[in-house]
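What follows is one structure encoded as structure tokens, with my remarks underneath.
Residue numbering restarts at 1 for every chain, and letters A, B, ... go by the order of the sequence lines.
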Amino acid sequence: LAKTTQPISMDSYEGQEVNITCSHNNIATNDYITWYQQFPSQGPRFIIQGYKTKVTNEVASLFIPADRKSSTLSLPRVSLSDTAVYYCLVGDIDSNYQLIWGAGTKLIIKP
Amino acid sequence: GAVVSQHPSWVICKSGTSVKIECRSLDFQATTMFWYRQFPKQSLMLMATSNEGSKATYEQGVEKDKFLINHASLTLSTLTVTSAHPEDSSFYICSALLDRGYEQYFGPGTRLTVT
């Protein structure tokens with residue numbers, strides 16, 4: 001199982017780009033990296049998933065270096081509604097389905 | 001697409017009673033669902049893996065006789081908290097896998113308060 005490490009909290013301002021980095025030094029060959037967002041008293045919501053290099057969708061980008069020992073979630077032009085906890089999960093479809101949740105990063109966006 | 005619902009969204013029960021929480025995949029079939037528990041200001045903790053038509057797999061430290069899981073159909077899994085105690089008060093969240101994808105689709109959660 002790949003353990004992940006993220007900053008406990010981050011602050012930013014509306015309109016800024018926010019980058020949250022996750023360390024996963026023991027990532028295995030078959031592991032994918034997935035990021036979720038969670039608002040208080042709600043279930044997590046899928047943001048983005050990747051295996052290597054860069055993945056982009058309509059809400060975020062995910063950057064994964066060649067050694068895959070870390071990944072960075074990039075949120076462009078954040079707004080107050082992006083204030084939430086962001087979780088990085090690593091896992092293999094054939095093993096743990098990415099079920100080990102770390103502490104996550106509490107992102108606070110200020111006006 | 002890929003919507004998961006939970007019912008009830010919140011429930012208050014007395015100590016010693018049992019509470020059933022339903023998790024439904026509304027627009028897809030899910031052979032595998034997961035049940036999590038989340039205490040205030042903490043991360044999600046996996047309780048068990050629910051597989052349609054077979055017994056659930058419980059994580060270490062989770063009492064299978066206390067947290068009964070039934071996955072009787074491809075769209076419904078239930079978690080029954082038996083003989084509830086105040087320490088069982090928590091936020092219970094289910095998720096479902098779409099086929100063999102890596103992505104989990106989460107329900108909105110159920111807030112259980114045991115008095």
Side-chain angles (χ1 to χ4, degrees), chain A residues 1-9 22 24 27-52 55 57 59-60 62 64 71 83-108, chain B residues 1-11 21 23-26 30-51 56-60 62 79 89-113:
Chain A
L1 294 178
K3 292 184 64 175
T4 61
T5 304
Q6 302 174 235
I8 296 297
S9 65
C22 177
H24 27 81
I27 190 170
T29 302
N30 294 331
D31 288 343
Y32 276 66
I33 301 158
T34 309
W35 286 79
Y36 290 89
Q37 175 193 56
Q38 187 182 27
F39 297 112
S41 297
Q42 294 187 27
R45 183 176 73 97
F46 172 86
I47 301 175
I48 198 167
Q49 184 178 80
Y51 183 80
K52 63 179 179 181
V55 179
N57 61 22
V59 297
L62 178 60
I64 306 169
S71 59
T83 294
V85 178
Y86 292 81
Y87 294 95
C88 162
L89 276 75
V90 174
D92 174 9
I93 187 174
D94 292 323
S95 59
N96 66 349
Y97 292 105
Q98 306 185 338
L99 304 173
I100 309 301
W101 294 67
T105 297
K106 183 171 177 56
L107 175 64
I108 298 175
Chain B
V3 178
V4 176
S5 69
Q6 279 185 244
H7 178 80
S9 55
W10 60 270
V11 58
I21 302 170
C23 177
R24 293 182 184 273
S25 55
L26 299 184
T31 56
T32 302
M33 292 183 173
F34 303 103
W35 286 96
Y36 293 87
R37 180 167 52 183
Q38 185 175 35
F39 293 107
K41 299 189 184 301
Q42 294 188 21
S43 185
L44 282 75
M45 183 176 68
L46 179 67
M47 299 177 65
T49 301
S50 172
N51 296 300
T57 303
Y58 291 83
E59 295 301 300
Q60 190 173 10
V62 178
L79 168 67
S89 297
S90 187
F91 191 53
Y92 292 86
I93 310 171
C94 72
S95 71
L97 285 181
L98 178 61
D99 292 331
R100 288 179 60 79
Y102 306 103
E103 180 181 341
Q104 296 180 65
Y105 295 91
F106 286 86
T110 297
R111 175 76 58 192
L112 170 62
T113 301

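- Among B/Arg111, B/Gln38, B/Glu59, the residue making the largest number of heavy-atom pairs under 4.5 Å with chain A is B/Gln38.
- For A/Tyr86, there are no ring-ring contact (aromatic ring centres under 6.0 Å, His included) partners two or more places apart in sequence or in a different chain.
- A donor-acceptor pair under 3.5 Å is absent between the side-chain atoms of A/Gln38 and the main chain of A/Val85, judged by distance alone.
- The greatest number of non-hydrogen atom pairs below 4.5 Å with chain B, out of A/Ala103, A/Gly104, A/Ser41, A/Gly102, is found for A/Ser41.
- Interface residue B/Leu44: backbone and side-chain heavy atoms are both found under 4.5 Å from chain A.
- Counting only N and O atoms by type, the side chains of B/Tyr36 and A/Trp101 include a donor and acceptor under 3.5 Å apart.
- Residues A/Tyr51 and A/Thr29 meet the side-chain proximity criterion, which asks for heavy atoms closer than 4.5 Å.
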